[in-house]
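Quick notes on the structure that follows.
Just so you know, these numbers come straight off a predicted model, no measurement behind them. In what follows, every chain begins at residue 1, and chains take the letters A, B, ... in the order their sequences are listed. Just so you know, these numbers use all the heavy atoms, side chains as well, and skip hydrogens, waters and symmetry mates.
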Number of protein chains: 2
Amino acid sequence: MKPTLQAVADAVGVSRSTVSNAYSRPDQLSAALRERILDAARQLGYPGPNPTARSLRRGFVGSIGVLFTSQLSYAFTDPFAVRFLAGVGAATERHGTSMLLVPLPPAQTDARRAVENAAVDGFCVYCVADEEWALDVIRQRGLPFVSTAPRDDAGPDERFVGIDERAAAHSVAAHVAGLGHRRVALLADSVLLDAPAGPLTLSGVDQVPHPTTHGRLAGFADAFAEVGVDWAELTLLNAPGNSRQAAAAAVAGLFDRPAPPTAVLAGSDVLALGVLDALAERPAGDRPPVSVTGFDDVPEAAAAGLTTVRQPAEEKGRIAAELLLDPPADPAAGHVLLPTALVVRASTGPAPRS
Amino acid sequence: MKPTLQAVADAVGVSRSTVSNAYSRPDQLSAALRERILDAARQLGYPGPNPTARSLRRGFVGSIGVLFTSQLSYAFTDPFAVRFLAGVGAATERHGTSMLLVPLPPAQTDARRAVENAAVDGFCVYCVADEEWALDVIRQRGLPFVSTAPRDDAGPDERFVGIDERAAAHSVAAHVAGLGHRRVALLADSVLLDAPAGPLTLSGVDQVPHPTTHGRLAGFADAFAEVGVDWAELTLLNAPGNSRQAAAAAVAGLFDRPAPPTAVLAGSDVLALGVLDALAERPAGDRPPVSVTGFDDVPEAAAAGLTTVRQPAEEKGRIAAELLLDPPADPAAGHVLLPTALVVRASTGPAPRS
DNA sequence: TTGAAAGCGCTACCAT
DNA sequence: ATGGTAGCGCTTTCAA
């Protein structure tokens, strides 16, 4: 049995309060006594105050949760998510807080439980899919959180860090439109929950439930509407997951259609890279000159020569954590919009004249 | 004030035990009563049992710690570490456990505190530098742990997953020796704690404190000893950190020496890539034909054509977590050696005749 | 500077 | 099937 604080107190012949003070409030006792206590603790093999008991008593835990509303193992394969985590890590590091990664089981009920049971003082919610239920749980627990997806119904005290998805998406799409492309496919992850890979028909972009995906698709559509191509003329492709494989599956057969798109705008770099994979797999003589764009500007994008929109990944994570750990006095400061930039590389070019 | 379990009990007119059972042991009460209780809880905004209180009472937390004995923000820049984390994540996911990433402050005392205060049921210790102190704390807390660095003084109940570092390192080095290289530099991270970037003189490999680094350097040295090149003839280079920048700094000026090495054996792919960076920065006409090898076979290695040793990163993380979460009955099974494989790519070639 | 008392919110045992 | 009791190990007033 591990010795408790009580055991140390008994050994030294002082009260528990004094031992507690020796650890947590050194100024409350004489240096000599403190040394005596710490020595006795060492002797007894007392490992210091039990973190759980301390948390219960103090009312806070000293760690923040990071919630990926997707498989945790997936999150680590997403370069953008990893940079985000690095940012959160940097902030927690400075703050002396730990970060808890909470895996969400596939079943909805179990996932709720996971969020309910997480021992944290707040959450950074990194959303890749439906998240409302998670926010409900967090609110119910009375915990603060920072979201990275734009939400219409965000309360005034709800903190956010992100980008203007729609404007950013507009910028790449306008670039592609400017190159003359008119037959265009839009590719996104989770256009509709649980839709299969491939083409999808939606009466309008507002049917897309996930705010990030909605924002990006809307931005793409805006740019083409400006050049006279409207929603119904765009090919919408669903990728069941944000992975190169999912993207490749989504564009299967696409370029063998009668009038294939001359450009594919993807909702993320990972998806765009998957499209390039699919193109590269075709025999060299049969590669249509398709322009492809991504989103995020992850490290791999540069190597692949991908035209994309840059957003500061690490910064996003860092600010999310800081917003949580040091809530700004002014609630308006709890809403941070990060800059984005269009990065033009070799993956886009003029539309072929046809 | 958030309602407590007591409040729900009062509202329904049952005891706390019954409410507790409604959440944790549904089979202990009638479905009807359980529904009544859950309804009342919803009504009152009771978010379910407080995780901390529950942990205190139950005696376990439901999360495992992952300890990087380096900056957390650094860990996310290391592709091998990220794959390792992905493996841990996959295992925790299946097990319904969370993972706590504990940032270690620079100061030794604070770092001890961080490990002492982590609310976890055990640790996966991923070591990049001196780790003994951390293991001391963990043992003192009586927590189980799994280490990934080979340790001489490992007790019989201490679990381990890793590779035969020395044999693996020998395999690449023998490949390079077989290509005829005799003037060779060995590059490693933290050869000595706090040594600056660049050449370092050590009377023998046994002066290297970190077990992983020691194993790899020893394996390199073994292979060259076999062809008559002994330790003193090898150039030992220290990189202050496992990063491309650190590696580039370590080899600065190296190739402008009178008789520069014809091969650089790096202790990790990241370092090897840094060497390639340094080489690539030289004017095209002035690039010595240096063979470079890495270690790990991270995804980037393939793209760079790096000759390296493959070790299963994700598997390592997965097994580490599993060893922690489902301790094998047979203690011998708590010691897992993973396979490695020499991967020969374009970064190594025959030594120039001179 | 030190100690006594009062819980933090919950669960598990043992009765009923 | 349900409730009473007894803590889990600690911190924090407050009083001495």
Just jot down the side chain to side chain donor-acceptor pair (under 3.5 Å) partners of [X], sequence neighbours excluded, or say none.
X: Arg58(A); answer: none
X: Ser20(B); answer: none
X: Thr97(B); answer: His95(B)
X: Arg54(B); answer: Ser24(B)

Give each protein N/O atom lying under 3.5 Å from an N/O atom of nucleotides 14-16 of chain C, with the pair distance.
none

Once salt bridge (charged side-chain N to carboxylate O under 4.0 Å, His left out) is applied, what residue pairs with a partner in residues 87-99 of chain A remain, sequence neighbours excluded?
Arg94(A)-Glu322(A)

Can you pull out every salt bridge (charged side-chain N to carboxylate O under 4.0 Å, His left out) where at least one residue sits in residues 28-44 of chain B? Sequence neighbours excluded, please.
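Applying salt bridge (charged side-chain N to carboxylate O under 4.0 Å, His left out) to every pair that reaches into residues 28-44 of chain B, excluding sequence neighbours, yields Asp39(B)-Arg42(B).
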
Quick one: which residue pairs count as a ring pair (Phe, Tyr, Trp, His ring centres under 6.0 Å) with a foot in residues 13-45 of chain A, not counting sequence neighbours?
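Only Tyr23(A)-Tyr46(A) qualify under ring pair (Phe, Tyr, Trp, His ring centres under 6.0 Å).
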
So for atom CD, which belongs to Gln28(A), do other residues, nucleotides or ligands contribute more than 12 heavy atoms lying within a distance under 6.0 Å?
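Enclosed: over 12 neighbouring heavy atoms sit under 6.0 Å from CD of Gln28(A).
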
Can you list, in residue-number order, the parts of residues 23-34 of chain A that come under 4.0 Å of DNA chain D, counting heavy atoms only?
Ser24(A), Arg25(A)

Any residue of residues 37-64 of chain B with a heavy atom less than 4.0 Å from an atom of DNA chain D
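Per residue number, the list reads Leu56(B), Arg57(B).
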
Tell me every residue that passes salt bridge (charged side-chain N to carboxylate O under 4.0 Å, His left out) with Arg83(B), counting only those two or more places apart in sequence or in another chain.
Glu314(B)

For Asp10(B), all residues meeting side-chain contact (heavy atoms from CB on, under 4.5 Å), sequence neighbours excluded:
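Partners of Asp10(B) by the side-chain contact (heavy atoms from CB on, under 4.5 Å) criterion, ordered by chain and then number, come out as Gln6(B).
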
